[in-house]
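These notes concern the structure reproduced below.
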Amino acid sequence: MLPAAIDALTAELGRTGNASSLHAAGRAARRTVEESRERLAAALGAHPSEVVLTAGGTEADNLAVKGLFWARAAADPARRRILVSAVEHHAVLDPAHWLAASQGAEVVHLPVDREGRVDLASLATELRSSHERVALVSVMWANNEVGTVQPIAEVVALAGRYGIPVHADAVQAVGAVPVDFAASGLDALTLSGHKVGGPLGVAALLARRGLDLTPVLHGGGQERGVRSGTVDTPAARSFAVAVETAARARPDVAPRIAALRDDLVRRVRAAVPDAVLRGPDPLRPGAAPTDRLPGNAHLTFPGCEGDSLLFLLDSAGVQCSTGSACRAGVPQPSHVLLAMGVDEREARGALRFSLGHTSTAADVDALLDVLPEAVTRARAAGLASAAVAGRAARR
Ligand code: PLP
């Protein structure tokens, strides 16, 4: 967490008062919540009334997808199609799939190119052929695995021709690339506290004024009736401080982190020449800094299991992630890589290195000190398990 966000959180934790109570402590908490809402709105180019506080990015994504689907289908039962990019986070994909399984929705996965960028021609074709049946479009601002920044302005322009609401999951984008809600033309946008140096368990959905959104949670009617539940005052204040600080620092922090990331990619390529960078190549001549999240480096290492590499690096003090989910104890290749055309075998060797505001050149050195040996050992383990599997298959 950013030090300023820790200070804001700890300053509030000792105070009592429910922001919905009428006594003095409640009114003080309400003031803190409303000031936080104003600060969030100002940092994100939104109006304070457009900020709906939630307890996480997953909840905000669920509210956007289900809330928009229900509201649109209630107004016009023919509107049952949900257009999502194939590389969405599960917090968007799974609510859409749940609506399909239980509420008669039809989910259309928009294809992406080899760098993970949504195919605008497919979106245009879908909208042209079935716009009167489309409830909403949801395309993430930036991908959490491969760091690809999506062409949100073009998506909004295409859907706008037919008056179809667009939601963007900007959990990875806020604080990393410029995000202005009003200028984006989006109808709804998700952001989350713990991705911007704020606390875990607090987030927001920015919902355009006048947007029809059916609540997922029913209860005390907080957050304009869209999201019931006592507002977490300390978290709201800390979240606002984090977003404000991250947005203000971004012009200095993002290029510094991007330069470290570029150094990391260059050195990994030199040390492991067959490693493949996935997502837009920041070292390609003409690459724009806004094509890819500054702190993201995602590579596949042929012949390695990502999980083996992850554990080898972890035991050497480097913490990274594979991006793949585990189902019934079996690692599954990432749906993002598969959608980008990476085959299952290659996708299994994926590792994502994330740099943040505390990352230093020494961190990159530390990774490169241990990576070559980890790759050699992960490859040897992969060959050994392939030999065992081969023997078992022949038996
Ligand atoms: N969307 C994206 C792109 C994410 O990266 C994440 C978290 O990693 C989420 C949604 C979920 O947010 P939260 O962890 O706040 O529920």
Side-chain angles (χ1 to χ4, degrees), residues 1-2 5 9 40 44 51-68 82 84-98 109-110 112 116-118 136-150 152 155 166-177 179 184 186 188-206 216-217 227 229 231-232 235-236 238-240 242-243 246 278-279 292-298 319-326 334-337 339-340 350 352-356:
M1 279 178 70
L2 291 161
L9 186 70
L40 283 165
L44 297 161
V51 180
V52 178
L53 293 165
T54 69
T58 301
E59 189 198 326
D61 280 343
N62 270 260
L63 175 57
V65 174
K66 294 175 182 164
L68 278 169
I82 302 175
V84 292
S85 88
V87 296
E88 292 302 303
H89 190 275
H90 280 289
V92 165
L93 282 182
D94 290 14
H97 293 159
W98 178 82
H109 297 98
L110 301 167
V112 297
R117 207 170 293 105
V118 69
L136 69 134
V137 175
S138 186
V139 173
M140 67 203 317
W141 197 303
N143 184 265
N144 48 301
E145 289 185 32
V146 294
T148 309
V149 176
Q150 299 290 352
I152 292 297
V155 171
V166 181
H167 163 249
D169 175 336
V171 165
Q172 296 284 338
V174 170
V177 292
V179 171
S184 72
L186 285 162
L189 177 151
T190 298
L191 68 150
S192 178
H194 68 106
K195 299 293 181 202
V196 286
L200 290 155
V202 64
L205 182 70
L206 305 184
V216 175
L217 298 182
R227 196 279 179 182
V231 176
D232 184 342
S238 178
F239 179 33
V243 170
R278 303 295 176 178
R292 181 179 191 123
L293 292 174
N296 173 289
H298 182 291
Q319 297 172 51
C320 58
S321 113
T322 58
S324 60
C326 215
S334 141
H335 69 283
V336 173
L337 292 180
M340 288 162 61
R352 176 183 61 171
F353 302 105
S354 305
L355 296 100

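Atoms within a ligand are numbered from 1 in the order they appear, just like the ligands themselves.
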Donor-acceptor pairs under 3.5 angstrom involving side-chain atoms of residues 188-202: please list them, not counting sequence neighbours.
unit_1, atom_1, unit_2, atom_2, d
Thr190, OG1, Asp61, OD1, 2.7
Thr190, OG1, His167, NE2, 2.8

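- Ordered by chain and residue number, the residues placing a heavy atom less than 4.0 Å from ligand 1 are Gly56, Gly57, Thr58, Asp61, His89, Met140, Asn144, Asp169, Val171, Gln172, Ser192, His194, Lys195.
- With hydrogens and angles disregarded, a donor-acceptor distance shorter than 3.5 Å links the side chain of Gln150 to the backbone of Val118.
- The salt bridge (Lys or Arg N to Asp or Glu O under 4.0 Å) test applied to Arg352 returns no partner, not counting sequence neighbours.
- The two residues Pro95 and His90 have their closest heavy-atom pair at CD-O, 3.5 Å.
- By the ring-ring contact (aromatic ring centres under 6.0 Å, His included) test, His89 is found to be paired with no residue, residues two or more places apart in sequence or in another chain being considered.
- In terms of heavy-atom proximity, Glu88 sits nearest to Met140 at OE2-N, 2.8 Å.
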